[in-house]
2 protein chains.
Amino acid sequence: MNVAAAHPTTVPAARRGPNAGFGRLEAIGVIRHLSPRESLVFEGDAADCFHRVLRGTIATYKATADGRRQIIAFFYPGDLVGFTAGERFAYGAEAIDRSSVCSVPRAKLGVLGDEEPALREGLLSALRREVEAAQERQLWLGRKTARERLACFLLECAGRTGQAGPDGGLSVPLPMSQLEVADYLGLAPETVSRTLAQLARTGAIEVVPPFAGVVVRDRHAIEAAAGESAPLPGGSA
Amino acid sequence: MNVAAAHPTTVPAARRGPNAGFGRLEAIGVIRHLSPRESLVFEGDAADCFHRVLRGTIATYKATADGRRQIIAFFYPGDLVGFTAGERFAYGAEAIDRSSVCSVPRAKLGVLGDEEPALREGLLSALRREVEAAQERQLWLGRKTARERLACFLLECAGRTGQAGPDGGLSVPLPMSQLEVADYLGLAPETVSRTLAQLARTGAIEVVPPFAGVVVRDRHAIEAAAGESAPLPGGSA
DNA sequence: CGACTGCTTGAGTCTGCTCAATAAAGGTGG
DNA sequence: CCACCTTTATTGAGCAGACTCAAGCAGTCG
């Protein structure tokens, strides 16, 4: 089977619960199409617009003066980029693959969506998920090995865009390059390649040839390699 | 001079702008006193309360099954711990030093502080600052060296609790131990000690003997060592 | 005054990075 | 349609920053 075909290239209508209530945004905003590598926002820009991903994948990132780059998050169709920003964007954003977004001026939402409680709810949810994701990644980047980070990343992607395959495998499309995975996980690209190869050698995953995605063959092995966090000392209720 | 005396041990009334409007919380909540190392919340707890720090310092953290720990953030008097959580806390929180908090049940705020726009504003601000801080730390942890992380950390602390000294130095109290700094910066405690010693050797900082804080002697040197992020390719407007 | 906790310092190791060369895939234009 | 060129991934060798293990020291608290 072709993993690339499993990409969710369009917005799954109302799939992401917390974003409900944003459906009418398309009516207000402007559609914009982006090629791979094309910038959507620059760090420091006035944050007068936010962007709903309609198709493709967007990455937000921060960079140091000497060119090192850290990808903060990946955004898929249905996600909101820059919704959580303050006055100015604290990060840049660019397209990973061929993407479309709907850009909505903040002003059009009233000061803070005062009228629309569902929208306010949605904003809070988006913010909360973004906080929790960023904090989780602090653990990844601060305390996990390359192998663990990769495993965590694959599980995250599996949870977002994974599709159960007919042969029992979990097919996970990966629209980003290995360089971008490296910039997300705080690793060198060579380390990503090597670690992926190592996971593949054990049979836990299978890499789809032109690095279009992976198939998770042994989910337990990946979960074990991810070195899960320890939520409850006594086990879950 | 005694750096420890510069600790902001009580809430600076209305010092933190975005938290304005929380003043009356103390009337609703319950005061709780914590000893060093005492837990305030556990990862996985139902998030039915949030906590305003009145005195001391609180750290939030995540841990792996094998005991590695990543400190997510430090909270000083005036800050709100757990305000941004969802249903359950995704992290634990414990006191760094002798601390007091005011614990406020979420239920007492209405569903989301619907009545009080200032409070809603405050919640959004708190969330936004937490997002931006967590994302900034992704850059630190993913792409910066031990030396850079330490320098960034010192600048962050200086911005929060630093006091200009009479001799031109910037006095920065550090209530946390080096182990806790290490857990915050994703380093080993030995590395923190060594790197701090190295910065002191160059004259950029001076460590106050019982590790109660540092005095920044050469701010430019620390800023240079921090390897600032690159916001604008062309310089700021 | 003694035990403990936290910091310092040293020696050796290792994970992951750098540099480099090769290979494969995809896009472009003739 | 094919040849070329660019981009991305793979693989190897060597290096180094940060970790681990370990011993010693100082300040604190009981």
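Proteins come first, then strands; the chains are lettered A, B, ... in the order of their sequence lines, and each starts at number 1.
Atom-to-atom, CG of B/L196 to C1' of C/dG6 comes out at 14 Å; the value is rounded to the nearest Å. Distance A/K144 NZ to C/dT15 P: 18 Å, rounded to the nearest Å. As rounded to whole Å, 17 Å separates atom P of C/dT5 from atom CD1 of B/I96. Here the C1' atom of nucleotide C/dT18 and the CZ atom of B/R143 are 13 Å apart, to the nearest Å. Between the CD atom of B/E190 and the P atom of D/dC25 there is a distance of 18 Å, rounded to whole Å. One atom, CZ of A/R68, and another, P of C/dC17, lie 13 Å apart when rounded to the nearest Å. The separation between A/D97 atom CG and D/dT7 atom C1' is 16 Å, rounded to whole Å. Distance CG (A/L150) to P (D/dA9): 13 Å, rounded to an integer number of Å.
Of the possible polar contacts, one joining the A/T145 side chain to the A/E148 backbone as a donor-acceptor pair under 3.5 Å is found. At distances below 3.5 Å, at least one donor-acceptor pair connects side-chain atoms of B/R149 with backbone N or O atoms of B/L141.
For B/R37, a side-chain nitrogen or oxygen approaches OP1 or OP2 of C/dG6 to under 4.0 Å. At least one side-chain nitrogen or oxygen of B/T191 sits closer than 4.0 Å to the OP1 or OP2 atom of D/dC19. Between B/S177 and C/dG6, a side-chain N or O to OP1/OP2 separation shorter than 4.0 Å is absent.
For A/A197, taking side-chain heavy atoms from C-beta onward, the closest of the listed nucleotides C/dG16, C/dC17, D/dT11 is D/dT11. Listed nucleotides D/dA9, D/dG12, D/dA22 differ in distance to A/F211; the shortest reach to its side chain belongs to D/dA9. Looking at the side chain of B/Q178, the nearest of the listed nucleotides D/dT11, C/dT8, D/dT10 is C/dT8. Closest to the A/S193 side chain, of the nucleotides D/dT10, D/dC19, C/dT18, is D/dT10. Here the nucleotide nearest the side chain of B/P210, chosen from C/dT8, D/dT28, C/dT18, is D/dT28.
The shortest non-hydrogen separation linking B/I205 to B/V214 is CD1-CG1, 4.4 Å.
Looking only at side-chain heavy atoms (C-beta outward), B/L187 and B/L150 come within less than 4.5 Å of each other.
Evaluation of atom-type donor-acceptor distances gives no pair under 3.5 Å for the side chain of A/R147 against the base of C/dG16.
A salt bridge links B/R219 to B/E223: one of the charged nitrogens lies within less than 4.0 Å of a carboxylate oxygen.
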